[in-house]
Structure formats: structure tokens, C-alpha cells
Amino acid sequence: LLKSNKLRERPLSFLCVVFLAALSFIVIYPFISRISSVFMSKSDLQDPTVWLIPKNPTFNNMLNVIRYGDFWGSLTNTFVFAFFSAVLQTLSTVLVASGISHFKFRGKKIVIVLVVLTLIIPPQLLFGPMYTKFRFFDWFGIFRGLGLPTLNLQDSFLPMFLLSATCLGLKCGLFILILVQQFNALPKELSEAAKVDGAGVLRTFWQINLPLVRAVMVSVYLLSFAWLWTDTFYSGVFLRNKSMFMSLVTDVGTIYEIGAIGNSLSGIMMNTALVMMIVPLIIVYLFGQKSLIQGIQSSGIVG
């Protein structure tokens with residue numbers, strides 16, 4: 001019986017392997033083809049026999065992106081935008097999540113509903129109000145009350161930093177829910193024992209609760225950094241005249257379309273800029289993959 005069961009399992013296992021291999025190829029193939037096109041010369045692109053592996057590999061596509069686009073300026077601006085916004089989002093969401101989890105107050109369920117609403121409402125709906133608010137920035141009407149002019153915060157990183165520091169940035173609602181779930185899973189006995197020993201709320205949070213959710217905080221930061229790195233909405237609202245990676249892709253494509261190098265390569269240059277844009281994300285993932293996986297496992301993030 002055991003031998004017959006094993007013989008039946010082998011064809012099924014083989015079919016599963018073939019199916020998974022085919023599915024993986026379908027998912028990964030577009031990414032592999034984009035990467036291979038980065039190293040293709042013009043002759044390779046015009047040769048129908050070339051498939052994935054270029055006959056005449058070249059780095060000219062990447063060099064042209066650097067030469068004709070503000071690559072280093074885009075890299076610097078995107079890094080500042082993503083790095084500091086992700087730091088502020090991580091710190092603000094962990095504070096809010098800790099408060100929601102450990103304090104009992106009226107309207108707690110309403111607060112959670114409002115957090116969920118931030119995920120449901122599309123950010124495009126807030127384009128006009130957000131632009132106007134930071135184009136004529138006035139903190140609670142204080143400037144106008146003092147007879148001072150409003151501030152123009154457009155084309156600066158301040159609007160995104162302010163939103164991130166107040167838990168209104170990109171995906172902050174999702175991060176709050178993840179961290180609330182993690183704080184709820186912590187043993188209540190630890191906080192109660194710290195309270196008996198005379199530790200206050202801040203000391204309990206800093207010395208006991210925060211170290212226990214460190215892995216999830218790293219995951220939240222990495223996810224926030226990745227989403228901000230590829231963001232087009234917030235950078236399009238607040239940083240219209242600053243060189244960002246997504247604007248670099250458009251600029252490079254426009255340069256080629258007007259005939260600076262050749263119309264046939266405009267798509268390849270945009271593709272090359274996109275691939276160069278995700279290289280820093282791959283590097284960040286390689287260094288932080290262990291912490292990211294641990295945080296996802298401990299927080300129960302799925303899907």
C-alpha cells in the first residue's frame with residue numbers, strides 16, 4: 001500500500017512542480033525581459049532572433065539615462081523624500097497604535113473606523129484640498145490672525161514630512177492597524193508588572209513594549225520606504241518642480257521622442273530608467289529581508 005501511494009504521489013508532485021514553474025515564469029518573465037532589454041544595443045532590438053540574451057551587450061542605455069536625465073538629482077531627492085518620510089511614519093504610527101491598544105477611552109471604535117476610512121478613501125479625491133492647504137499653509141489660522149502672510153510649502157519636502165509625522169502619510173492607516181494588532185498580542189502581565197514596579201506609561205512603552213515590536217517596526221519602515229520610493233501621487237502634488245525618479249522616466253522618454261537620440265529607443269530609455277529606479281529597493285531588501293520576514297511572520301500580515 002505504501003509503495004502504491006508513493007507511485008501515485010510522484011506524478012502528482014511532478015505536475016505540481018511543472019505548474020508552479022510555469023506560473024513562476026509567467027510572473028517573472030516580464031521582469032526578466034525588462035532587465036535584459038536594458039543591456040541590449042540598437043542592433044539587438046532590431047534583430048528578431050534576439051530573445052532575452054543580447055548578442056551585443058552594452059551599458060549605453062544606462063549611460064544615456066544618466067547623461068540626458070537628472071539621474072543623480074532624482075536619486076538624491078527621492079532618497080530624502082522616502083527615507084525621512086518613512087522614519088516619521090514609523091515613529092508616528094507606533095505611538096498612535098500603542099495609545100489605541102493600551103488606553104481605554106470613549107470613541108475608541110470610532111477612531112479605528114476612521115483609521116480604516118483612510119485606507120478606503122482614494123488619495124486622488126484629496127488632491128485639490130491638499131494642494132490648496134500647503135500652497136497657502138496657515139497653521140490653525142495663526143498666521144492670518146497675526147496679520148502675517150501664508151506660507152507656500154509647495155516644491156519642498158515639508159508637506160510630506162508633516163503628513164508623515166501626523167499619521168496622515170501614505171499607507172499610515174495600514175501601519176497603525178498592523179501595529180495595533182501587534183501591541184494587542186503582547187502579554188498584558190508585562191505592563192501590569194511594570195506598573196506595580198513604579199514604571200510610568202512612557203517608561204513602560206520605551207523599555208518593555210517597544211523592544212517587543214521592533215521586528216514589526218522594521219517591516220513597517222521597509223514597506224513604507226518601498227511605497228514612498230515608487231510613489232507618484234504625493235510627489236506629484238507637492239514636488240512638481242523637483243526632479244524625482246518618476247519625473248526622470250518621463251523626461252528621458254520625452255528627450256528621445258523629440259529626436260535627441262532616436263525615436264525607436266524612447267521606450268527602452270523609459271524602461272531603463274524604471275529598472276535603475278528599483279535597484280536601490282532591491283539593495284534595501286537584500287539588507288533587510290531577514291527583519292522584514294520576521295516582522296511579517298510575527299504580525300500575521302497576509303495577502
Side-chain angles (χ1 to χ4, degrees), residues 79-120 123 160-231 234 280-303:
F79 177 80
V80 171
F81 176 80
F83 178 82
F84 291 104
S85 297
V87 169
L88 292 173
Q89 285 191 172
T90 304
L91 295 176
S92 61
T93 53
V94 75
L95 288 172
V96 172
S98 176
I100 294 175
S101 176
H102 288 91
F103 292 104
K104 295 181 180 180
F105 54 90
R106 291 184 179 179
K108 184 175 181 178
K109 293 183 179 179
I110 297 177
V111 172
I112 296 176
V113 170
L114 292 175
V115 171
V116 175
L117 281 177
T118 62
L119 300 175
I120 298 175
M160 195 61 202
F161 292 167
L162 289 173
L163 290 176
S164 300
T166 53
C167 282
L168 296 173
L170 181 63
K171 305 291 184 181
C172 277
L174 175 62
F175 301 146
I176 290 174
L177 295 177
I178 292 172
L179 289 165
V180 166
Q181 179 183 351
Q182 187 65 19
F183 278 116
N184 288 337
L186 297 180
K188 301 297 182 183
E189 292 78 7
L190 294 176
S191 299
E192 293 174 357
K195 186 177 181 180
V196 172
D197 292 338
V201 175
L202 292 178
R203 186 177 178 184
T204 302
F205 169 76
W206 183 258
Q207 294 186 351
I208 297 176
N209 295 332
L210 199 62
L212 295 176
V213 299
R214 187 176 300 167
V216 181
M217 287 180 62
V218 173
S219 299
V220 166
Y221 174 79
L222 293 175
L223 291 173
S224 177
F225 181 86
W227 280 326
L228 287 163
W229 187 270
T230 56
D231 170 67
Y234 288 96
L281 288 181
I282 296 174
I283 295 174
V284 170
Y285 173 76
L286 291 176
F287 281 99
Q289 60 176 328
K290 184 177 180 180
S291 299
L292 178 62
I293 293 172
Q294 289 178 350
I296 290 175
Q297 289 176 343
S298 61
S299 65
I301 305 173
V302 295

Engineer: Measuring from atom CG of Leu177 to atom NZ of Lys171, what distance do you get when rounded to the nearest 0.5 angstrom?
Structural biologist: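 Leu177 atom CG to Lys171 atom NZ measures 12.0 Å (nearest 0.5 Å).
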Engineer: Taking atom CE of Met160 and atom CG of Leu168, what is their separation to the nearest 0.5 Å?
Structural biologist: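 Here the rounded value is 9.5 Å.
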Engineer: Are the side chain of Ser98 and the backbone N or O of Leu95 linked by a donor-acceptor pair below 3.5 Å?
Structural biologist: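 No, Ser98 side chain to Leu95 backbone: no donor-acceptor pair under 3.5 Å.
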Engineer: Considering all heavy atoms of both residues, which atom of Phe105 and which atom of Gly99 are nearest to each other, and what is their separation?
Structural biologist: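 The pair with the smallest heavy-atom distance is CE2-O, 4.2 Å.
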Engineer: Would you be so kind as to tabulate the donor-acceptor pairs closer than 3.5 Å made by side chains of residues 82-93, with sequence neighbours excluded?
Structural biologist:
| from | atom 1 | to | atom 2 | distance (Å) |
| --- | --- | --- | --- | --- |
| Ser85 | OG | Phe81 | O | 2.6 |
| Gln89 | OE1 | Leu170 | N | 2.9 |
| Gln89 | NE2 | Leu170 | O | 3.2 |
| Gln89 | NE2 | Ser224 | OG | 2.6 |
| Thr90 | OG1 | Ala86 | O | 2.8 |
| Ser92 | OG | Leu88 | O | 2.9 |
| Ser92 | OG | Gln89 | O | 3.2 |
| Ser92 | OG | Ser164 | O | 2.8 |
| Thr93 | OG1 | Gln89 | O | 2.6 |
| Thr93 | OG1 | Thr90 | O | 3.1 |

Engineer: By side chain to side chain donor-acceptor pair (under 3.5 Å), which residues pair with Ser101, not counting sequence neighbours?
Structural biologist: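 In terms of side chain to side chain donor-acceptor pair (under 3.5 Å), with neighbours along the sequence ignored, Ser101 is linked to Asn184.
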Engineer: Applying side-chain contact (heavy atoms from CB on, under 4.5 Å), name anything that partners Thr230, two or more places apart in sequence or on another chain.
Structural biologist: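 Counting only residues at least two positions away or on another chain, Thr230 forms a side-chain contact (heavy atoms from CB on, under 4.5 Å) with Met277, Leu281.
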Engineer: How would you list all residue pairs meeting ring-ring contact (aromatic ring centres under 6.0 Å, His included) that involve residues 162-188, not counting sequence neighbours?
Structural biologist: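 Every ring-ring contact (aromatic ring centres under 6.0 Å, His included) pair that includes a residue of residues 162-188, provided the two are not neighbours, is His102-Phe183, Phe175-Trp227.
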Engineer: Which atom names give the shortest non-hydrogen contact between Gln182 and Val213, and what distance separates them?
Structural biologist: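 Nearest pair, atom of Gln182 first, then Val213: CG-CG1, 3.5 Å.
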Engineer: Leu202: which residues meet the side-chain contact (heavy atoms from CB on, under 4.5 Å) condition with it, sequence neighbours left out?
Structural biologist: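 With sequence neighbours excluded, Leu202 shows a side-chain contact (heavy atoms from CB on, under 4.5 Å) to no residue whatsoever.
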Engineer: Could you pull out all residues at least two apart from Phe225 that satisfy ring pair (Phe, Tyr, Trp, His ring centres under 6.0 Å)?
Structural biologist: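 Here the qualifying residues are Trp229.
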Engineer: List in chain and number order the residues that pass side chain to side chain donor-acceptor pair (under 3.5 Å) with Arg203, two or more places apart in sequence or in another chain; answer none if no residue qualifies.
Structural biologist: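 Once residues adjacent in sequence are excluded, the partners of Arg203 under the side chain to side chain donor-acceptor pair (under 3.5 Å) criterion are Gln207.
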Engineer: Considering only residues two or more places apart or on different chains, which pairs with a residue in residues 185-204 satisfy ring-ring contact (aromatic ring centres under 6.0 Å, His included)?
Structural biologist: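 The answer is none; no pair qualifies.
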Engineer: Using the side-chain contact (heavy atoms from CB on, under 4.5 Å) criterion, which residues pair with Pro187? Sequence neighbours excluded.
Structural biologist: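 Applying side-chain contact (heavy atoms from CB on, under 4.5 Å) to Pro187 gives Glu189, Leu190.
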Engineer: Using every non-hydrogen atom in the two residues, find where Met217 and Val94 come nearest and quote the distance to one decimal.
Structural biologist: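 Taking Met217 first and Val94 second, the nearest heavy atoms are SD-CG2, 3.9 Å.
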Engineer: Using side-chain contact (heavy atoms from CB on, under 4.5 Å) as the criterion, list what pairs up with Ile110, not counting sequence neighbours.
Structural biologist: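 Scan of Ile110 (side-chain contact (heavy atoms from CB on, under 4.5 Å), adjacent residues dropped) gives Leu114.
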Engineer: Taking only residues two or more places apart in sequence or in another chain, which ones pass ring pair (Phe, Tyr, Trp, His ring centres under 6.0 Å) with Phe205?
Structural biologist: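 None.
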Engineer: Please report the interatomic distance CD1(Ile176) to SG(Cys167), rounded to the nearest 0.5 Å.
Structural biologist: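 The CD1 atom of Ile176 sits 4.0 Å away from the SG atom of Cys167.
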Engineer: Crowded around Phe287 CZ? As in, over 12 foreign heavy atoms under 6.0 Å?
Structural biologist: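 At most 12 heavy atoms, drawn from other residues, nucleotides or ligands, come within 6.0 Å of this atom.
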